2 protein chains.
Amino acid sequence: MSLKHAVLVLLEAEPASGYDLLKRFNERMGYFWNASHQQIYKQLKTMHEAGDIDCQEEVQAGRPDRKVYSITPQGHGELLTWLAKPVKPNKINDSLLVKMYAGHLRDSDVILEEVRDHRQIHETMLQTFQAMEAEYQALVPEEQLPFKLPYLTLRRGILGEQSWLAWADEVEQALAGVAEQV
Amino acid sequence: MSLKHAVLVLLEAEPASGYDLLKRFNERMGYFWNASHQQIYKQLKTMHEAGDIDCQEEVQAGRPDRKVYSITPQGHGELLTWLAKPVKPNKINDSLLVKMYAGHLRDSDVILEEVRDHRQIHETMLQTFQAMEAEYQALVPEEQLPFKLPYLTLRRGILGEQSWLAWADEVEQALAGVAEQV
DNA sequence: CTCTTCATGTAACTAGTTACATGATTAC
DNA sequence: GTAATCATGTAACTAGTTACATGAAGAG
């Protein structure tokens, strides 16, 4: 039930439309939050009906009207309440590992190929995150201060991707070893 | 849609009841698959109706009858089809990082406390995984062979937890640093 | 006598996916 | 001319959570 709270966190910083929120999730929180536009628009509707957010409609010519949402005092209260409650550690359900576990039903080559495909995706993500890190590190300390906590979440993304790639190395070594034996 | 396939993978190895499956998920796949008993029982019912699994009812005295499910040829086919299709990388939605991102709305101390609570959980998991790793490593090479792929999934669990703990170290350093400045 | 294990589910709900639906504007 | 960006949604579906429901057997 945290899409709601992720939205509140973003709106607490600055009002935004559903479209804006989608971009912010992708650009600034991609390593810890993902949501589709369908999910976001539905959630905004629910939250507006519940009174957690206000809506200001900006009429536009030639394209749909922009609905700019902002957090209400009630929404702010909701957010603070949620922040004060402990969250459970994330549940992990990883399909790729299910496939790896059942790998004896497939060719080693096919498994390796899939791991390599995923590796490319993870490498790209790591590069993106490291580019963001470089931007942060280029700031002088006073400018860094307000981004200290977001930067820590970015570190989680970087360490997570590096760990994934280290695992992929182990997998490729182990499975390439099998191929040589054959 | 992979709970179905995770169940098929387990049943492909050996018939099991819903209760058995729950235990196997927790004991042997805890680092990459989690499901509640409610979810499992519902899924088994659906899969039985679809013909992917067979059901043998074992009548018992004094406790509910045990329903032992086994994979059908159709289910086996389903599994092979799924294994041949690429899966998308896992989507990450991590509430703890949402809270971290919004940490300026809270006390540093409270954040630190929550990270420490999570650290304990992750340390316990790492210890469990490492105990499993030690068991595997105690086997002679011929005995290791059939567990090669499950062992690789275990490695993912271990590397993942180690990475999480390394991140927690960074967070504690960064936030303790703030506390000292105050 | 209390806790854990065995063994099963239903019901109501929240969360997320996939497919469908529209259409102007701007950059290359 | 074609692709990306801007900007919104609905509908049907699959996945997962939370609360409720039962009750004997065995370990300490």
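It should be emphasised that the depicted structure is a prediction, and the values quoted were computed from it without experimental measurement.
- Lys91(A) has its NZ atom 12 Å from the C1' atom of dT18(D), to the nearest Å.
- For the pair Gln56(B) (side chain) and Ser70(B) (backbone), a donor-acceptor distance under 3.5 Å is absent.
- Scored by the side chain to side chain contact (heavy atoms under 4.5 Å, CB included) test, Gln127(A) finds no partners at all (sequence neighbours excluded).
- Within the structure, salt bridge (charged side-chain N to carboxylate O under 4.0 Å, His left out) contacts touching residues 134-143 of chain A (residues at least two apart or in different chains) do not occur.
- Under the ring pair (Phe, Tyr, Trp, His ring centres under 6.0 Å) criterion, Tyr101(A) pairs with Phe32(B), sequence neighbours left out.
- Through direct or indirect side-chain contacts shorter than 4.5 Å among Ile, Leu, Val, Met, Phe, Trp and Tyr, Tyr41(A) is connected to Tyr19(A).
- Nearer the 5' end of DNA chain C, as judged by each residue's closest nucleotide, is the contact made by Lys23(B), out of Lys23(B) and Ala35(A).
- Rounded to a whole Å, the CE atom of Met47(A) is 14 Å from the C1' atom of dT14(C).
- Atom CG in Asn34(A) sits roughly 10 Å away from atom P in dG16(C) (whole-Å rounding).
- Rounded to an integer number of Å, the gap from Gln56(B) CD to dT8(C) P is 14 Å.
- As a whole-Å value, the separation of Leu22(B) CG from dG9(C) C1' is 13 Å.
- Applying a 4.0 Å cut-off to non-hydrogen atoms, the residues of residues 7-18 of chain A that approach DNA chain D are Ser17(A), Gly18(A), listed by residue number.
- Rounded to an integer number of Å, the gap from CD of Gln39(B) to C1' of dG9(C) is 15 Å.
- Screening residues 14-27 of chain A for salt bridge (charged side-chain N to carboxylate O under 4.0 Å, His left out), with sequence neighbours left out, gives Glu14(A)-Arg24(A), Asp20(A)-Arg66(A).
- Taking the six-membered ring where the residue is Trp, Trp33(A) and Phe25(A) present tilted rings, their angle falling between 30° and 60°.
- One atom, CD1 of Ile40(A), and another, P of dA7(D), lie 14 Å apart when rounded to the nearest Å.
- Remark: Lys45(B) pairs with Glu49(B) by the side chain to side chain contact (heavy atoms under 4.5 Å, CB included) rule, at least two apart or across chains.
- Residue-to-nucleotide proximity on DNA chain C shows that, of Arg66(B) and Ser36(A), the 5′-proximal contact is made by Arg66(B).
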With a 3.5 Å cut-off and sequence neighbours excluded, list the donor-acceptor pairs that the side chains of residues 83-92 of chain B form with protein atoms.
| unit_1 | atom_1 | unit_2 | atom_2 | d |
| --- | --- | --- | --- | --- |
| Asn90(B) | ND2 | Asn93(A) | O | 2.9 |
| Lys91(B) | NZ | Asn34(A) | O | 3.4 |

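- In the set dG9(D), dG9(C), dG16(D), the nucleotide with an atom closest to the side chain of Tyr69(B) is dG9(C).
- The phosphate of dT14(C) has neither OP1 nor OP2 within less than 4.0 Å of any side-chain N or O from Lys4(A).
- Under 4.0 angstrom from either OP1 or OP2 of dT18(C) there lies at least one side-chain N or O belonging to Lys88(B).
- With distances taken from any side-chain atom of Tyr19(A) to the nucleotides dC6(D), dT17(C), dG16(D), the minimum falls on dC6(D).
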Kindly give the atom pairs (protein nitrogen or oxygen, nucleotide nitrogen or oxygen) under 3.5 Å for nucleotides 10-13 of chain C.
| unit_1 | atom_1 | unit_2 | atom_2 | d |
| --- | --- | --- | --- | --- |
| dT10(C) | OP1 | Lys45(B) | NZ | 3.3 |

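- Nucleotide dT8(C) holds its C1' atom 17 Å from the CD atom of Gln43(B), rounded to whole Å.
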